[in-house]
Amino acid sequence: MEYHSETITLDQPGIDWLTITSFEPLVYDVQNLLMTIAAENGCKVSEGHKTMQYLGRTGVCQLGSIFCGSAEQRGVNHYMMQISGELCNVSELLIPIAAGVREGWLRCRRIDLQMTCIEPASWNQWGFFNRQKLIKKTVGWVESSTSDGERLATVYLGSRLSGKFLRVYEKWIGKTRLLRCEYELKGNTAQSFCKMIFDGTSTSSALLKLLIQLTDDKELSAIYLPALEYVKVSDKPKILQNEPKTEKWLRETVFPSFHNYISSHQSNPEVMKLFKDAITAVESWEG
């Protein structure tokens, strides 16, 4: 299920994770519809995957991932759907889910709300960590590094066992350092926030703004609140895409070399045949 590409929309609030469950049998048809929509959005769908005790199908693509499965609970089927990344904001996927949440036969177990921007030069992760620690908040700190040697840090605020958990973390896309503010909501908090979004009584923007205000950090607010205050659906979003290393190597190194080789008079036809056979074999297998 792993897919190492991702699409990131900058300066726009959005959902980054959804976990939806139900005992309602008609969810099986909803899952079929969701997987069809995911495939239409470029996801490669495969069978026989297991998430926790649930067995079902997954779809992965540049936009994110989706899992639809079921498991027996109390002698009947219990259905679960998990969507991550930009797929959470594909309207065709959200329409059937929104209807079920509004009508009460789908329950949201987890929803993540986030906003990502280019990290300001003035922002300091260690400073944010210390400000929260000084006011006796439960905080955590994790460091990592990219293959380019860029050091990144994540600050955690709160407990993952609670209904609200904050991650403020750095990401490195291409040669751009990003900062993401993401709230993970679970249980009754997730259900109430999800219902407000899907019944139209609130928006991702308004709820994310509220969460940041409740966090009460002036520097975090200074980065995100102005954009959330004036965000417009009609604004054309800025999008970054992170390409897997293998794809980048094939695109930038292998393909130009192969193209130059087969264009020369000294090229061996057997080499071209090897590539053609490999492509034909994959197309036949997928068909």
Side-chain angles (χ1 to χ4, degrees), residues 6-24 26-27 30-31 33-35 37-38 41 59 63-68 79-117 157-158 160 162-168 180-215 220-221 223-239:
E6 63 179 323
T7 299
I8 298 175
T9 302
L10 299 181
D11 305 324
Q12 293 278 343
I15 303 170
D16 191 60
W17 184 281
L18 268 176
T19 299
I20 305 290
T21 64
S22 179
F23 282 104
E24 176 59 52
L26 67 84
V27 175
V30 174
Q31 289 184 336
L33 175 61
L34 294 182
M35 298 310 293
I37 295 170
N41 279 272
L63 293 174
S65 65
I66 180 170
F67 171 83
C68 291
Y79 300 92
M80 183 180 76
M81 296 161 283
Q82 285 186 343
I83 310 174
S84 70
E86 289 291 330
L87 275 179
C88 293
N89 303 295
V90 173
S91 59
E92 297 95 328
L93 280 175
L94 294 182
I95 288 171
I97 292 175
V101 171
R102 286 196 304 269
E103 295 165 12
W105 49 271
L106 287 180
R107 183 167 184 83
C108 180
R109 300 294 181 180
R110 174 180 163 186
I111 182 170
D112 293 5
L113 300 178
Q114 66 86 20
M115 188 167 177
T116 306
C117 64
L157 185 58
R160 293 200 74 177
S162 66
K164 183 179 71 174
F165 178 66
L166 170 62
R167 288 182 291 268
V168 177
R180 172 170 289 188
C181 177
E182 181 172 68
Y183 290 84
E184 178 183 307
L185 309 170
K186 291 181 177 178
N188 292 332
T189 305
Q191 174 67 5
S192 61
F193 272 57
C194 191
K195 194 172 187 300
M196 283 189 284
I197 292 171
F198 290 150
D199 68 13
T201 57
S202 191
T203 63
S204 297
S205 176
L207 293 172
L208 189 58
K209 178 182 174 182
L210 172 64
L211 289 167
I212 292 173
Q213 289 172 326
L214 291 173
T215 301
L220 189 71
S221 295
I223 294 174
Y224 291 101
L225 292 189
L228 288 168
E229 186 71 35
Y230 300 109
V231 67
K232 296 182 181 64
V233 176
S234 59
D235 287 345
K236 186 176 180 180
K238 292 175 283 185
I239 297 174

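The first residue of the sequence shown is numbered 1, and numbering continues consecutively from there.
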**Q** I'd like to know whether N89 forms a side-chain contact (heavy atoms from CB on, under 4.5 Å) with Q12, so could you lay out the CA-CA distance, the side-chain angles of the two residues, the decisive distance to 0.1 Å, and finally the verdict.
**A** CA-CA 11 Å; N89 303 295; Q12 293 278 343; over 6 Å; no
**Q** Which pair of non-hydrogen atoms, one from L18 and one from C88, has the smallest distance, and what is that distance?
**A** N-SG, 3.9 Å
**Q** Going through the distances and angles, do Q82 and W17 end up as a side-chain contact (heavy atoms from CB on, under 4.5 Å)?
**A** CA-CA 7 Å; Q82 285 186 343; W17 184 281; 3.7 Å; yes
**Q** Can you find a heavy atom in the side chain of L185 that is under 4.5 Å from one in the side chain of D112?
**A** no
**Q** Kindly say whether Q191 contributes a backbone atom to a donor-acceptor pair with the side chain of R107 at under 3.5 angstrom?
**A** no
**Q** Output all residues satisfying side chain to side chain donor-acceptor pair (under 3.5 Å) with E184, sequence neighbours left out; order by chain, then residue number.
**A** R110, R160, R167, K186
**Q** Could you walk me through whether T116 and Q114 pass side chain to side chain donor-acceptor pair (under 3.5 Å), step by step?
**A** CA-CA 7 Å; T116 306; Q114 66 86 20; 2.7 Å; yes
**Q** Measuring from atom CZ of R180 to atom CG of D16, what distance do you get when rounded to the nearest 0.5 angstrom?
**A** 4.5 Å
**Q** Does any N or O in the side chain of Q31 come within less than 3.5 Å of the main-chain N or O of M80, such that one atom is a donor and the other an acceptor?
**A** yes
**Q** Run the side-chain contact (heavy atoms from CB on, under 4.5 Å) test on Y183 and L214 for me, step by step, so that the C-alpha distance in whole Å, both residues' side-chain angles and the decisive distance to 0.1 Å come before the verdict.
**A** CA-CA 12 Å; Y183 290 84; L214 291 173; over 6 Å; no
**Q** Measure the CZ-CG distance between F165 and L157 for me, rounded to the nearest 0.5 Å.
**A** 8.5 Å
**Q** Can you see which heavy atom on M115 is nearest to which on A227, and at what distance?
**A** CE-CB, 3.3 Å
**Q** Quick one: closest heavy-atom pair of L208 and P13, and the distance?
**A** CD2-CB, 4.0 Å
**Q** Please determine whether the number of non-hydrogen atoms from other residues, nucleotides or ligands lying under 6.0 Å from atom CG of N188 exceeds 12.
**A** no
**Q** Say you draw a straight line from CG of L113 to NZ of K164; how long is it, rounded to the nearest 0.5 Å?
**A** 12.0 Å
**Q** Is there a side-chain contact between L34 and I97 (heavy atoms, below 4.5 Å)?
**A** yes
**Q** Nearest 0.5 Å, what's the CG-CD1 distance between L63 and I8?
**A** 12.0 Å
**Q** Are the side chain of D11 and the backbone N or O of C117 linked by a donor-acceptor pair below 3.5 Å?
**A** no
**Q** What closest approach, in Å, do I212 and S221 show between heavy atoms, and which atom pair accounts for it?
**A** CG2-OG, 3.8 Å
**Q** First locate atom CD1 of I197, then atom OG of S204, and finally report the distance between them rounded to the nearest 0.5 Å.
**A** 4.0 Å
**Q** Where is the tightest heavy-atom contact between S202 and L207, given as atom of each residue plus distance?
**A** OG-CG, 3.5 Å
**Q** For the backbone of W105 and the side chain of S22, can you confirm whether one donor and one acceptor N or O come within less than 3.5 Å of each other?
**A** yes
**Q** Side chains of I15 and I111: does their closest heavy-atom pair fall under 4.5 Å?
**A** yes
**Q** Apply side-chain contact (heavy atoms from CB on, under 4.5 Å) to residues L93 and I66 and explain how you reach the verdict.
**A** CA-CA 10 Å; L93 280 175; I66 180 170; 4.3 Å; yes
**Q** To the nearest 0.5 Å, how far apart are OG in S84 and CZ in F67?
**A** 12.5 Å
